[in-house]
Amino acid sequence: PAGEMGSLEYTHDIRRSRRASTGFKKGDRVELHPGLDDWMRGDRYGTVTVSNARGKVRVRLDKSGRSRLYPADRLSVVE
């Protein structure tokens, strides 16, 4: 049955809810915090690719094309 402990569906739902807890979702446009070295090197904006349960967010940076992991509190959504 769906939602039962140990089932694949249950695990998937838990992961989805944890990802939402960072406040970022895949595809969000973000700006890095000015205190980060990458911001000072010119990589100021990027796109969220993954958000995890530990409060970390993976961002693909616009200028360099690199994908880096940042704490969620060091990012802000750009509209």
Side-chain angles (χ1 to χ4, degrees):
E4 196 174 287
M5 290 287 282
S7 75
L8 186 58
E9 263 185 276
Y10 179 78
T11 305
H12 181 69
D13 290 342
I14 292 296
R15 288 181 187 157
R16 182 178 297 151
S17 65
R18 286 181 181 166
R19 286 183 183 152
S21 67
T22 63
F24 297 97
K25 63 183 184 298
K26 185 175 180 174
D28 281 349
R29 296 283 301 150
V30 294
E31 180 180 10
L32 304 183
H33 187 276
L36 293 170
D37 286 342
D38 289 330
W39 190 91
M40 292 180 212
R41 292 180 184 124
D43 266 331
R44 296 188 172 131
Y45 299 97
T47 304
V48 172
T49 56
V50 176
S51 178
N52 71 25
R54 294 186 184 122
K56 303 282 186 174
V57 180
R58 184 162 299 279
V59 177
R60 166 109 19 219
L61 300 168
D62 292 344
K63 186 175 180 183
S64 67
R66 293 182 304 158
S67 184
R68 301 283 309 261
L69 197 61
Y70 297 101
D73 64 348
R74 296 294 185 178
L75 302 170
S76 59
V77 175
V78 178
E79 302 209 11

*Asks:* Got a donor-acceptor contact below 3.5 angstrom from the Asp43 side chain to the Ser64 backbone?
*Replies:*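 Checked: pair present.
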
*Asks:* If you group Ile, Leu, Val, Met, Phe, Trp and Tyr by side-chain heavy-atom gaps below 4.5 Å, do Val77 and Val59 land in one group?
*Replies:*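 Yes; Val59 is reachable from Val77 via cluster members.
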
*Asks:* Which of these passes side-chain contact (heavy atoms from CB on, under 4.5 Å) with Asp38: Arg66, Arg44, Arg74?
*Replies:*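 Result for side-chain contact (heavy atoms from CB on, under 4.5 Å) with Asp38: Arg66.
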
*Asks:* If you round to the nearest 0.5 Å, how far is CG of Leu61 from CZ of Arg41?
*Replies:*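 The CZ atom of Arg41 sits 11.0 Å away from the CG atom of Leu61.
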
*Asks:* Please answer: with hydrophobic residues joined when any side-chain heavy atoms are less than 4.5 Å apart, are Tyr70 and Met40 in the same cluster?
*Replies:*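 Looking at the clustering, Met40 is in the same group as Tyr70.
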
*Asks:* What heavy-atom pair brings Glu31 and Trp39 nearest, and what distance separates the two atoms?
*Replies:*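 Heavy-atom minimum between the residues: OE2-NE1, 3.6 Å.
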
*Asks:* Ignoring hydrogens and geometry, is there a side-chain-to-backbone donor-acceptor pair from Arg60 to Gly65 under 3.5 Å?
*Replies:*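 Flag set: sc Arg60 to bb Gly65 pair under 3.5 Å.
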
*Asks:* What do you reckon, is CZ of Arg29 surrounded by more than 12 foreign heavy atoms closer than 6.0 Å?
*Replies:*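 More than 12 heavy atoms, drawn from other residues, nucleotides or ligands, come within 6.0 Å of this atom.
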
*Asks:* How far does CG of Asp37 sit from CZ of Arg68, to the nearest 0.5 angstrom?
*Replies:*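 Atom-to-atom, Asp37:CG and Arg68:CZ are 8.5 Å apart.
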
*Asks:* Please name the pair of heavy atoms, one in Asp62 and one in Gly46, separated by the smallest distance, quoted to 0.1 Å.
*Replies:*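 Looking at all heavy atoms of both residues, the closest pair is OD1-CA, 3.7 Å.
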
*Asks:* Can you tell me how far the CG atom of Leu75 sits from the NE2 atom of His33, to the nearest 0.5 Å?
*Replies:*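 These two atoms lie 10.0 Å from each other.
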
*Asks:* Which heavy atom of Ser51 sits nearest a heavy atom of Val57, and at what distance?
*Replies:*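 Ser51 and Val57 have their closest heavy atoms at OG-CG2, 4.1 Å.
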
*Asks:* Nearest 0.5 Å please: distance from the CZ atom of Arg58 over to the OG1 atom of Thr47.
*Replies:*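 Answer for the CZ-OG1 pair, Arg58 versus Thr47, is 14.0 Å.
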
